[in-house]
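For ligands, and for the atoms within them, numbers begin at 1 and follow the listed sequence. Being a predicted model, the structure only gives us computed values, none of them experimental. Values below: all heavy atoms of this structure, side chains included; hydrogens, waters and symmetry mates excluded.
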Amino acid sequence: MTTKKTQNSPVFNPSESFVAQANLQGIQTAQTFCDTALRQSDSFWAELAKVIKFHKAPNKILDWNPPKASWFTGAELNVSENCLDKHLPTLAKKTALIWEGEPKNNQEAVVRNVSYQELYEMTCQISNALKSFGVKKGDRVLLYMPMVPETIASMQACARIGAIHTVVFAGFSAQSIADRLHDSEAKCIITADGTYRKGKFLQLKSVVDEALEKGSNKVENVLVFQRDPKQPCFLKDGRDHSWGLVMEQEKSCPPVIVDSEHPLFILYTSGTTGKPKGLFHTQAGYLLWAHWTTRWLFDVKAEDVYWCSADCGWITGHTYITYGPLSNGITQLIYEGAPTHPNKDRFWEMIDRHQVNIFYTSPTAIRMFMGFGDDLPAKHSLKSLRLLGTVGEPINPEAWLWFHKNIGHKNCPIVDTYWQTETGGVIISPIPGATPTKPGSATQPLPGIDIDIVDIETGKSLGTNKKGALIIKKPWPAMARGIWGDPARFEKTYWKTSPQLDGVYLTGDMASIDDDGYVWIEGRMDDVLNVSGHRIGTAEIESALITHPAIFQAAAVGVPDEIKGQALVVFIEINEDAHKKIERGEMSVEDIKNQARDTVGTEIGSFAKPREIRVAKALPKTRSGKIMRRLLRELALSGEIKGDTTTLEDFSTDSLKED
Ligand code: WT7
């Protein structure tokens, strides 16, 4: 992957016709917004917050006592009322969600339209079902769901009654669910029998059942949506409830009005060490950011069909499916399955079928499509598109240009949106009717985002054209408010990483800023990998591996991958017992590798399975016993060691030195 990024790269200006119709027009306006947001921040945010229906107005815009932020202090509201009820007087019949299932029926797409009225009613019914279980304000509800309208309604239902949802991506294993149940102390689960993916029916409920068998949890009730009534689904008496319970509920439910800083959701993400962190977000600040960034960046209009191909299990699906688009009252497409099923042009076919105007996806997906060739998109019109977006990882200029030409037909601005689970919404991105774009750069910070590039040791600003740590100097409305149950970890990981960086937010990404003030994100600076836009901590992979009885030492490193951005290569040391078994021919190195791969699958989830596993006699370590990942990374990249024919490799520091 050649990703030469320079400030001399071609510049793409938004077309006059795009600017003329844009929600935020021209670089001047954008600049004024940014200036005002930093200089008169209180009045700026107060003005934007007028879109929110408050039951009690805030008495202060920001209370900042690092790392504790309170935005719109004292205000009271309900987020679901702001996403649904708000639209009913005028938009009740408007389609909120167009859902397309993966399997087709005699080659015909299976499509379900859900209007704002119907989504509201579904949400209220789920709220009432949750209430019938005794779920109250502040209680946690874990979701393990496919991409169906019921998932979005379930998130909204939690918000409606002040419960806190924690969505677990349906690719995670039973063990991952069990860990999240334990950490969040959720008392209820909403799940489904299963979902269709690549032509197969994938069981979800059975994974939940398995999770509930593992260790202690506080789950009293499990609500099960039946994706396919023809599939058998086990329901445990007294604990599990079919969706019939939802259908019998009243179609209205008064929103529970909560404080602006009441948690809205917890979302777990990987960190450098130990277990996943449950980042939590709160109400008004998050909603405001979701609402306005959806308007500014995706330029949404009343008549648009918007499609974000993310899953609700990730932050993108929270902010740019469940909250931002609904708060704006637009129509969006959601899709259940794989982009390659039954054909590799399924996405392009869907864009034409539903006349999608705005399409937001990941660089990994774009690189995959690019690999399939230009012919596939060329078979489709794609004329409805007027704006494209990417998220999750740096996009290489080649992929950007391919997307621009083959999907956007050179007519669509591309917004490369940089953000994180922690930031709650996009923080660096072009504004499509204002910012000229350079392929590969996320361009400039959004209003209110005060960034710098610093030397990680000294904390000093590096100025332009130097690679350093990307930091944010001021709090912003959508920032995560904490790590669930671990305020000290929150402070240490983000806001007080060193005495030099006390009170500023460390993103964990490396970046540089060019002479035009354009930001180039260079990737993570910590032991966190980004595989297909999914964050995976090397420590998580390693602790999963050493649960295998034969493995006593493991190191995971990331190597560049043409499609996924990064791929995992894992080095393991196996114990004496395993060595003996291999000598006696009772098992092979290959067996251990396969089991190790499966272990990652069961401990974390299939999406985290390593590309390559290597068995080492000894991992290279420093004198203090720290594994030298840098050497391992070099080794993984050098290509010296060929294929799987090697049995035991000696990676001791000495042998590495000789290389
Ligand atoms: C990490 C956050 C935010 C939703 C998806 C991922 C990387 C994200 C970009 C981009 C370069 C990007 C960063 C970031 N990242 N967007 N446009 N350009 N890098 O959320 O799992 O919280 O991961 O994704 O490394 O820190 P996440």
Exercise for the section: Decide if the gap between the ring center of Phe369 and the ring center of Trp402 is smaller than 6.0 angstrom. Expected result: no

Handout entry: Ligand-side contact atoms (ligand 1) for residue partner Asn530, heavy atom cut-off under 4.0 Å
Key = 7 (C), 24 (O)

Exercise for the section: Could you tell me how the ring of Phe265 sits relative to the ring of His281: parallel (under 30°), tilted (30 to 60°) or perpendicular (over 60°)? Expected result: tilted

Practice task
Without swapping roles, check the side chain of Thr497 against the backbone of Thr493 for a donor-acceptor pair under 3.5 Å.
Solution key: no

Problem - Arg535 N/O under 3.5 Å from ligand 1 N/O - result: yes

Completion exercise
Honestly, for Ile521 the part within reach of ligand 1 (heavy atoms, under 4.0 Å) is side chain

Practice task
Decide whether an N or O pair under 3.5 Å exists between Thr390 and ligand 1.
Solution key: no

Exercise for the section: Under 4.0 Å from a heavy atom of Thr316: give me the atoms of ligand 1 that qualify, with their elements. Expected result: 4 (C), 5 (C)

Handout entry: Nitrogen or oxygen of Asp416 less than 3.5 angstrom from that of ligand 1
Key = yes

Practice task
Return the residue, atom name and 0.1 Å-rounded distance of the protein heavy atom closest to atom 2 (C) of ligand 1.
Solution key: Trp419 O, 3.6 Å

Handout entry: Test side-chain hydrogen bond (donor to acceptor under 3.5 Å, both in side chains) applied to Ser154 - qualifying residues, sequence neighbours left out
Key = none

Problem - Centroid separation Phe607 to Phe172 less than 6.0 Å - result: yes

Problem - Part of Arg524 with heavy atoms under 4.0 Å of ligand 1, whether side chain, backbone, both or neither - result: side chain

Completion exercise
Out of Asp509, Thr269, Leu470, the nearest non-hydrogen contact to atom 14 (C) of ligand 1 is supplied by Asp509

Handout entry: Pairing residues for Asp527 by the salt bridge (Lys or Arg N to Asp or Glu O under 4.0 Å) criterion, not counting sequence neighbours
Key = Arg629

Problem - Electrostatic pair Lys474:Asp450 at N-O distance under 4.0 angstrom - result: yes

Exercise for the section: Distance to 0.1 Å, residue and atom name: give those for the protein heavy atom nearest to atom 9 (C) of ligand 1. Expected result: Glu393 N, 3.5 Å

Practice task
Using a 4.0 Å heavy-atom threshold (strictly under), name the region of Pro394 that reaches ligand 1: side chain, backbone, both or neither.
Solution key: both

Exercise for the section: Would you check if there is a donor-acceptor pair between the side chains of Ser362 and Glu393 at a distance under 3.5 Å? Expected result: no

Practice task
Flag Gly392 as yes when one of its N or O atoms lies below 3.5 Å from any N or O atom of ligand 1, and as no otherwise.
Solution key: yes

Problem - Part of Gln420 with heavy atoms under 4.0 Å of ligand 1, whether side chain, backbone, both or neither - result: both

Completion exercise
Checking Ile472, Ile471, Thr423 against Thr507 for side chain to side chain contact (heavy atoms under 4.5 Å, CB included), the one that qualifies is Ile472

